[in-house]
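The next block holds one structure in the form of structure tokens; read it before the comments.
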Amino acid sequence: MEPTIACVVPCHNEEAAVGKVVRDLRAALPEAIVYVYDNASTDRTVEVAREAGAIVRQEPRKGKGNVIRRAFADVAADALLIIDGDDTYDASRARDLVNLLFDGPYDQVVGARRVTDDGAYRTGHAAGNKLLTGAVRSLFGNDVTDMLSGYRVFSQRFVKSFPALAREFETETEMTIHALHLRLPTAEVAVDYRVRPAGGESKLRTYRDGWRIMRVILDLARRERPSLVHTVIAGVLALVSVVLGIPVIADFVRTGTVPRLPTAVLAAAIMTIATLVLLVGYILESLMHMRQEQTRLVHLSYPAPAYSPRLTARGAGIGAVSGRKTAAAPRNAIALDAEQHRDLEQGQEVSPSDS
């Protein structure tokens, strides 16, 4: 059985760019089904995407995280590629990312951004990305260099074990931490990152989105590393208790009395709270391990991604990442299935003779 490939393109007012993104994806992956998820656009994004050959679906709740949550629930494929609809990523490299996913096999392949145009990556965004990536590397591991990349390919088992709780641009952070925490095999491919085409407008807000992503990191640290977080909090409380209690203990040793009784009670209370916080951290760590085991079992219930011998024989391009040229896959049975799928999406009947 041949593997299936799907592309998901989240879009909000990307009339100027989405057509080219869809055409580039269809040229790079002719056998893939391309879905454009319109996120409450007010321009001609939907019409342009359909004209380019994509299946258009709607997600009225604004935010990229909401789109990813919906798409991951709706779309089932052996390899699922996501790419922003603003044409800042090189969609023609999609075959390289997909091939590497199957070759590994990996559960996630990230298109690590390589800036090719001046102005494509604002200074504030670059600095923020380094800061946030450094924070994630410190907390969860060192297997990531571009945490906020919006160009990725996932295995089916990654998609179906990923909870997708984020609402907006912090979804990439959530994806990265999910892979790091479950120690899922991940690879990176350097891809060109260029300036938006004329007429496009960035939806990112440097400080607002940076603060939101930092909050997500802190919240995930609290949920995914509870023993570490609670140990730090308990340590701070214990230090405060010791600072308050030392003079009281010194007075008691010197005079045999406790003249500063309220301070003694406060120090004892804070130390008690610190102990409780530490114990809660260990309890949450045990619960986290149980949840992690359940997520891992869901992940293992799906097979690892792999090319079929027939697809390899037709020249699907395995090895493209290592530099070997690959022929474009013909419009084979998988591509025909994609066309039938588009007919079904539009409410047309597909007869057996079509296949």
Side-chain angles (χ1 to χ4, degrees), residues 8-12 14 17 21 37 39 62-69 71-72 80-91 93-94 97 106-117 119-154 158-159 162-181 184 186-196 200-221 224:
V8 171
V9 186
C11 285
H12 174 69
E14 299 292 358
V21 173
Y37 273 78
N39 195 210
K62 283 189 177 181
K64 185 177 180 180
N66 290 323
V67 172
I68 295 301
R69 180 183 178 91
F72 278 18
L80 191 151
L81 180 146
I82 63 166
I83 185 172
D84 293 344
D86 56 8
D87 195 33
T88 53
Y89 296 95
D90 185 2
R93 296 290 306 279
L97 272 69
Y106 294 103
D107 283 310
Q108 177 183 227
V109 176
V110 180
R113 288 170 287 186
R114 178 176 56 202
V115 178
T116 58
D117 295 337
Y121 212 172
R122 282 182 272 176
T123 303
H125 289 170
N129 189 19
K130 290 180 180 179
L131 175 64
L132 297 174
T133 300
V136 169
R137 288 164 65 94
S138 299
L139 286 170
F140 298 98
N142 296 320
D143 300 331
V144 59
T145 61
D146 188 4
M147 183 186 73
L148 302 180
S149 174
Y151 193 6
R152 302 173 185 235
V153 182
F154 304 100
F158 182 106
V159 170
F162 178 62
L165 301 177
R167 297 178 183 272
E168 298 192 32
F169 286 102
E170 63 270 23
T171 186
E172 285 93 357
T173 304
E174 192 179 32
M175 292 171 182
T176 300
I177 293 175
H178 177 74
L180 289 173
H181 203 57
L184 303 182
T186 297
E188 290 186 343
V189 175
V191 297
D192 291 345
Y193 187 70
R194 55 193 175 229
V195 70
R196 280 172 166 266
E201 179 185 355
S202 176
K203 314 304 183 302
L204 290 172
R205 298 294 179 267
T206 302
Y207 298 107
R208 184 200 66 180
D209 293 324
W211 171 242
R212 180 178 287 115
I213 292 169
M214 182 58 76
R215 283 193 306 171
V216 169
I217 293 173
L218 294 175
D219 184 59
L220 286 170
E224 305 294 341

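Start at 1 with the first residue, then count along the sequence. Just so it is clear, the values below take in all heavy atoms, side chains as well, and ignore hydrogens, waters and symmetry mates.
- In this structure D90 satisfies the salt bridge (charged side-chain N to carboxylate O under 4.0 Å, His left out) test with no other residue, sequence neighbours excluded.
- In this structure, A112 and E188 approach most closely via the heavy-atom pair CB-OE1, 4.0 Å.
- Within the model, atoms CG of L81 and CG of L97 stand 6.5 Å from one another, a figure rounded to the nearest 0.5 Å.
- Here the shortest heavy-atom pairing between V195 and T88 reads C-CG2, 4.4 Å.
- The backbone N or O of A166 sits less than 3.5 Å from a side-chain atom of E174, completing a donor-acceptor pair.
- One finds the CD atom of Q108 at 6.0 Å from the OG1 atom of T176 (value rounded to the nearest 0.5 Å).
- Taking all atoms of both residues into account, the shortest heavy-atom contact from A91 to V21 is CB-O, 4.2 Å.
- The closest side-chain donor-acceptor pair between T186 and R152, if any, does not fall under 3.5 angstrom.
- Partners of N66 under the side chain to side chain contact (heavy atoms under 4.5 Å, CB included) rule, at least two apart in sequence or in another chain, are E59, R61, R167.
- In terms of modelled atom types and a separation under 3.5 Å, the side chain of Y151 and the main chain of A94 share a donor-acceptor contact.
- Here NE2 of H178 is found 4.5 Å from CZ of F158. Values are rounded to the nearest 0.5 Å.
- S149 and G111 make their closest contact through OG-O, 2.6 Å (heavy atoms, listed as atom of the first residue, atom of the second, distance).
- Expressed to the nearest 0.5 Å, how far CZ of R113 lies from CZ of R194 amounts to 14.0 Å.
- The two residues G85 and C11 have their closest heavy-atom pair at CA-SG, 3.8 Å.
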request  = Could you walk me through whether F154 and F72 pass the side-chain contact (heavy atoms from CB on, under 4.5 Å) test, one step at a time?
outcome  = CA-CA 10 Å; F154 304 100; F72 278 18; 3.8 Å; yes
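- The line from CD of E172 to NZ of K64 is 3.5 Å long, rounded to the nearest 0.5 Å.
- Across every non-hydrogen atom of R69 and A164, the tightest pair is NH1-O, 2.8 Å.
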request  = Apply side-chain contact (heavy atoms from CB on, under 4.5 Å) to M175 and I68, showing your working.
outcome  = CA-CA 10 Å; M175 292 171 182; I68 295 301; 3.6 Å; yes
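- A donor-acceptor distance shorter than 3.5 angstrom exists from the side chain of Y89 to the backbone of G150, with no hydrogens or angles considered.
- From R114, atom CZ reaches atom CG of D146 across 12.5 Å, with rounding to the nearest 0.5 Å.
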